[in-house]
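All residue numbers refer to positions in the sequence shown, counting from 1. Reckoned from all heavy atoms, side chains included, excluding hydrogens, waters and symmetry mates.
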Amino acid sequence: MRVVAVSRVLDEVDIIEAFIRHAAAFVDHHIILDNGSRDGTVEIIRRLAEEGFSLTLYQTPSICFSERDMNNWLYNEAVDRHDADWVACLDSDEFYDERHLPGGLRAYLQDLEIAGENVVAVRIPWAHYNYRTRDDATESLVPRRITHRTEVVAEGKVIASWRLAKEKGLVLEGQHDVSLPEGSRSTVVTEQRLRIAHFSVRNAAQYVTKVVRGWAKILTAGQACVDRGFSDHYRGPFELLRDHPEKLLRSEWILEKENEDRCIIHDPIEYRGGPLRYTPPNDPEMLSVRALLGFLSEVCTRYGELTDALPVARAYSERIERRIDRLI
């Protein structure tokens, strides 16, 4: 049985090394699609490949929301080119936690193969581990720095079988679930004994980066994407940062008390990756500036390329630039 992980990453230099090292304890190969990192993420992945980790790295300069297409491209790459029996869908802030699963993840997947019940995907719930202001900021290994979590939630990620392709099913946005064609007799199960430790918010500066870039990607994808509600959880904080940044950035809550009332369960995961060798010292504010300016540079460059390539785009842009609206 061959398990292949697939991941999309963007400016994750603070966690990418720990993530790859930990995931390697569960999978045979890891396919990573970088979406244009500028913070050293790609360089760390290259060094891990040189060290001997079984990795395939691709890159695409993605500036807008394109979840389903990219997720299914990764899934098909794992099945078609890397002979995956199971495709583990993971983001770089997601770490498997099998402490409560007798025999562990691989034995569980092997049992599903032997049982022949035509399971095409396994849903794995999240346990959200978010930063607290009392965390040791000098600790670069995220799963050791952030050890408090919320209650386990229903939503999480999937591990998809090769049978999903045979059934002509799809991995959905966010890799939270799969869709099957009408009339399919295949099944999707949820395994509560296995968890994904989700380190989505690791410090205040990284949260700001996540919000700004997350909603900007929706806006660049067009009104239809906005109307469908994708990543809508970023919209409120994005608009607050845009219109009243002081309410967030100078808030006592985010600077001193963030997550103190939510992440109250002390439950450090069993990190399986060994020591870090390439991760730089934790410097969240500088990483945030680098990530946001890198993203802005890509957006502006893409805009310039569009106006150069398409006369209609240039004419539309110039028409907007010449518009004068009286406000008073």
Arg2 (side chain) donor-acceptor with Asp28 (main chain) under 3.5 angstrom: no
Distance-only side-chain donor-acceptor flag, Asn118 / Ser186, under 3.5 Å: yes
Atom of Ser37, atom of Asp11 and distance for their closest heavy-atom approach: OG-N, 2.7 Å
Carboxylate-amine/guanidinium contact Asp91 Lys157, below 4.0 Å: yes
Note: Arg277-Glu17 ion pair, threshold 4.0 Å (strictly below): no
Contact check, side chains of Ile32 and Ile45, non-hydrogen atoms, under 4.5 Å: yes
N-O pairing of Arg290 and Glu285 below 4.0 Å: no
Connected via hydrophobic side-chain network under 4.5 Å: Trp73 and Leu170: no
Ring geometry between Trp126 and His198 (parallel below 30°, tilted from 30 to 60°, perpendicular above 60°): parallel
Parallel, tilted or perpendicular, as decided by the 30° and 60° cut-offs, for the rings of His266 and His148: tilted
Hydrophobic cluster membership, Leu249 vs Tyr131, 4.5 Å side-chain cutoff: yes
Smallest separation among heavy atoms of Phe19 and Ser7, with atom names: CZ-OG, 3.4 Å
Salt bridge (charged side-chain N to carboxylate O under 4.0 Å, His left out) assessment of Asp135 paired with Arg202: CA-CA 10 Å; Asp135 293 339; Arg202 301 185 290 279; over 6 Å; no
Glu318 and Arg323: CA distance, side-chain angles, deciding distance, salt bridge (charged side-chain N to carboxylate O under 4.0 Å, His left out) verdict: CA-CA 9 Å; Glu318 290 175 350; Arg323 188 180 70 198; over 6 Å; no
Separation between CZ of Phe295 and OG1 of Thr220, rounded to the nearest 0.5 Å: 5.5 Å
Steps toward side chain to side chain donor-acceptor pair (under 3.5 Å) verdict (Ser317, Thr307): CA-CA 8 Å; Ser317 177; Thr307 56; over 6 Å; no
Separation of Asp69 CG from Thr60 OG1 (nearest 0.5 Å): 11.0 Å
Closest contact, heavy atoms only, Ser140 versus Pro280: OG-O, 3.9 Å
Cluster link Leu33 to Val171, ILVMFWY, side chain under 4.5 Å: yes
Side chain to side chain contact (heavy atoms under 4.5 Å, CB included) evaluation trace for Val212 with Leu241: CA-CA 8 Å; Val212 171; Leu241 282 165; 4.0 Å; yes
Trp86 and Val79, any side-chain heavy atoms less than 4.5 Å apart: no
Non-hydrogen atoms of Glu12 and Asp39 that approach each other most closely: N-OD2, 3.3 Å
Test item: side-chain donor near acceptor, Glu51 and Tyr278, under 3.5 Å: yes
Straight-line distance of Asp243 CG to Phe238 CZ, nearest 0.5 Å: 9.0 Å
Leu10, Val13, Ile15 screened by side-chain contact (heavy atoms from CB on, under 4.5 Å) with Ser92, the one that passes: Ile15
Residue pair Gln192 / Pro125: nearest heavy atoms and the distance that separates them: OE1-CG, 3.6 Å
From Ile20 atom CD1 to Ile16 atom CD1, the distance as rounded to the nearest 0.5 Å: 4.0 Å
Between Ser200 and Tyr129: side-chain donor-acceptor atoms closer than 3.5 Å: no
Between His29 and Thr56, a side-chain donor and acceptor under 3.5 Å: yes
Exceeds 12 heavy-atom contacts within 6.0 angstrom, atom CZ of Arg242: yes
Within one Ile-Leu-Val-Met-Phe-Trp-Tyr cluster: Leu172 and Leu164, side-chain cutoff 4.5 Å: no
From CA spacing to verdict: side chain to side chain contact (heavy atoms under 4.5 Å, CB included), Asp308, Tyr303: CA-CA 9 Å; Asp308 285 342; Tyr303 179 84; over 6 Å; no
Pairwise distance CZ(Arg213) to CG(Leu292) - rounded to 0.5 angstrom: 6.5 Å
Exceeds 12 heavy-atom contacts within 6.0 angstrom, atom OH of Tyr316: no
Flag side-chain contact, heavy atom, 4.5 Å: Thr187 against Val120: no
Arg46/Glu50 under salt bridge (charged side-chain N to carboxylate O under 4.0 Å, His left out): CA gap, chis, key distance, verdict: CA-CA 6 Å; Arg46 291 187 189 279; Glu50 292 168 358; over 6 Å; no
His30 and Ser54 side chains, donor-acceptor separation under 3.5 Å: no
NZ or CZ of Arg144 within 45° of Tyr271 ring axis and under 6.0 Å: no
Validation row: Pro284, Asn282 side chains within 4.5 angstrom (heavy atoms): yes
Val3 side chain reached by Phe26 side chain, heavy atoms, under 4.5 Å: no
Note, Asn130 side chain near Tyr207 side chain (heavy atom, < 4.5 Å): no
From CA spacing to verdict: side chain to side chain contact (heavy atoms under 4.5 Å, CB included), His128, Val153: CA-CA 8 Å; His128 292 296; Val153 299; 3.8 Å; yes
Val122 vs Val158 side-chain heavy atoms within contact, under 4.5 Å: no
From CD (Glu155) to CD1 (Ile124), nearest 0.5 Å: 13.5 Å
Single-linkage hydrophobic cluster, 4.5 Å side-chain cutoff, Leu219 and Leu306 together: no
Exercise: identify the closest heavy-atom pair between Met1 and Asp85: CA-OD2, 3.3 Å
Arg228 atom CZ: more than 12 heavy-atom contacts under 6.0 Å: no
Arg149 and Asp267 ion-paired at < 4.0 Å: yes
Passing option when Glu98 is tested against Arg272, Arg106, Arg193, Arg195 for salt bridge (Lys or Arg N to Asp or Glu O under 4.0 Å): Arg272
Worked check of side chain to side chain contact (heavy atoms under 4.5 Å, CB included) between Leu194 and His100: CA-CA 6 Å; Leu194 179 64; His100 305 286; over 6 Å; no
Note, Glu77 side chain near Val4 side chain (heavy atom, < 4.5 Å): no
CA sep, side-chain torsions, deciding dist, call: Glu321, Arg314, salt bridge (charged side-chain N to carboxylate O under 4.0 Å, His left out): CA-CA 10 Å; Glu321 295 293 333; Arg314 180 173 292 279; over 6 Å; no
Trp162 ring center within less than 6.0 Å of Tyr75 ring center: no
